[in-house]
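Presented below is the structure to which this report refers.
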Amino acid sequence: MFIDEVRILVKAGDGGNGCLAFRREKYVPRGGPSGGDGGRGGDVVMVANEHQNTLLHLRFNPEHKAERGRHGEGSNRTGAEGRSIEVAVPVGTVIYDDATGERLFDFTEPGQIFRVARGGRGGRGNARFVTSTHQAPTEHEPGRPGEEKRLRLELKLLADVGLVGFPNAGKSTLISRISAARPKIADYPFTTLEPNLGVVQLTDYKSFVVADIPGLIEGAHAGAGLGIQFLRHIERTRLLAHLVDVSESSGRDPVQDFDVIMHELASFSEDLAAKPMIVVATKMDVAQDPSRVESLRELAGKRGLAFFEISSATGQGIDDLKFAMAEHVLAA
Ligand SMILES: Nc1nc2c(ncn2[C@@H]2O[C@H](COP(=O)(O)OP(=O)(O)OP(=O)(O)O)[C@@H](O)[C@H]2O)c(=O)[nH]1
Ligand SMILES: [Mg+2]
């Protein structure tokens with residue numbers, strides 16, 4: 001659940017073939033051998049990139065082939081080398097050989113480079129086979145094939161956005177609406193017992209990770225409900241989305257709910273409570289009393305926090321919220 005995994009095929013370029021040729025010159029009746037060597041095939045290298053945080057881009061693009069070397073030519077011309085290609089992966093990716101299970105590399109820092117498939121050597125042209133007793137060689141080699149491997153890439157996901165709020169605030173419903181995650185949703189508190197991660201995809205290449213964690217209640221820091229242990233899963237996120245149920249069904253006051261959660265966050269860590277936050281009024285489709293929404297909006301305004309009204313049932317405000325999250329995490 002916490003692991004993003006993808007299988008890809010990498011194929012380095014084959015070497016170019018060596019050439020069979022003899023010099024043809026005016027007044028030189030039998031010119032010597034002049035077949036050039038083939039060029040080397042390109043490599044496939046992987047580079048750790050700090051701007052990516054999922055392997056999603058590779059799922060859309062599972063084959064990576066480097067260019068082959070050009071064949072050698074007459075007049076001792078060596079073929080051009082094939083171009084190498086780079087495949088970007090997020091920091092934290094581990095590469096395994098899918099056939100053997102062998103762990104090949106572990107990317108821990110941005111900029112790290114690892115060659116996963118080596119290009120094939122170019123074949124030698126016939127000019128290389130000349131000796132004192134073998135003046136007109138016709139031997140020439142084909143290029144060697146480039147390495148080809150099936151790889152399994154594994155990434156431990158780190159969440160970019162953490163959803164916090166009371167039980168039943170609609171956290172799991174929201175994540176199921178904006179990502180492919182399908183956590184359990186129900187109208188009783190503490191439906192979510194363990195964090196769920198969802199990858200929110202904006203375009204083929206842009207995505208971010210949202211964590212849905214169990215609900216918090218007053219006294220959670222002292223062990224009430226499920227406690228605050230799960231907050232460590234969102235300690236390293238860049239943004240918190242604080243979900244507050246503004247419908248009457250909660251039986252509580254939205255502003256008070258907000259304060260209770262803030263207090264629980266601060267009991268876990270001041271840093272967590274001070275993280276960038278957006279305030280999200282949920283269940284707008286069944287919110288009957290506009291003053292409940294207004295009071296929450298005012299509170300957010302006073303604290304200088306962005307405010308969104310959503311309904312996961314009708315879809316109201318969902319795209320706006322998604323793009324606001326994206327703007328924040330992708331700009332960082
Ligand atoms: N009408 C309406 N109901 C919603 C909306 N979002 C969530 N719900 C309902 O609210 C209830 C709780 O939703 P969940 O997504 O499970 O809430 P949660 O915050 O994940 O709750 P815990 O996992 O217990 O912390 C479910 O019955 C949902 O169907 C909404 O936008 N409109
Ligand atoms: Mg839930």
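Read the numbers this way: they start at 1 and go in the same order the structure lists the ligands and their atoms.
Inside a sphere of radius 2.8 Å centred on the Mg ion (ligand 2), the protein N/O/S atoms present are S172 OG, T192 OG1.
For the 3.5 Å distance criterion, the side chains of H263 and E218 fail to qualify, holding no donor opposite an acceptor. Between the side chains of S172 and T192, at least one donor-acceptor pair of N or O atoms lies under 3.5 Å. With 3.5 Å as the limit, one finds a donor-acceptor pair spanning the side chains of D289 and S291.
Salt-bridge annotation for E309 and R297: present, with a side-chain N of the basic residue lying under 4.0 Å from a carboxylate O of the acidic one. Salt bridge present: E141 and R124 bring a charged side-chain N and a carboxylate O closer than 4.0 Å. The pair D257-R252 meets the salt-bridge criterion, with a side-chain N (NZ, NE, NH1 or NH2) lying under 4.0 Å from an Asp/Glu carboxylate O.
A distance of 6.0 Å or more separates the ring centres of Y188 and F190. Checked against a 6.0 Å centroid threshold, the rings of F258 and H242 count as neighbours.
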(request) For E139 and N126, run side-chain contact (heavy atoms from CB on, under 4.5 Å): C-alpha distance rounded to whole Å, both residues' side-chain angles, the deciding distance at 0.1 Å, then the answer. (result) CA-CA 5 Å; E139 296 95 323; N126 70 329; 5.7 Å; no

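Among protein residues, F166, P167, N168, A169, G170, K171, S172, T173, I185, A186, D187, Y188, P189, F190, T191, T192, G215, K283, D285, V286, S311, S312, A313 come within 4.0 Å of ligand 1, judged on heavy atoms.
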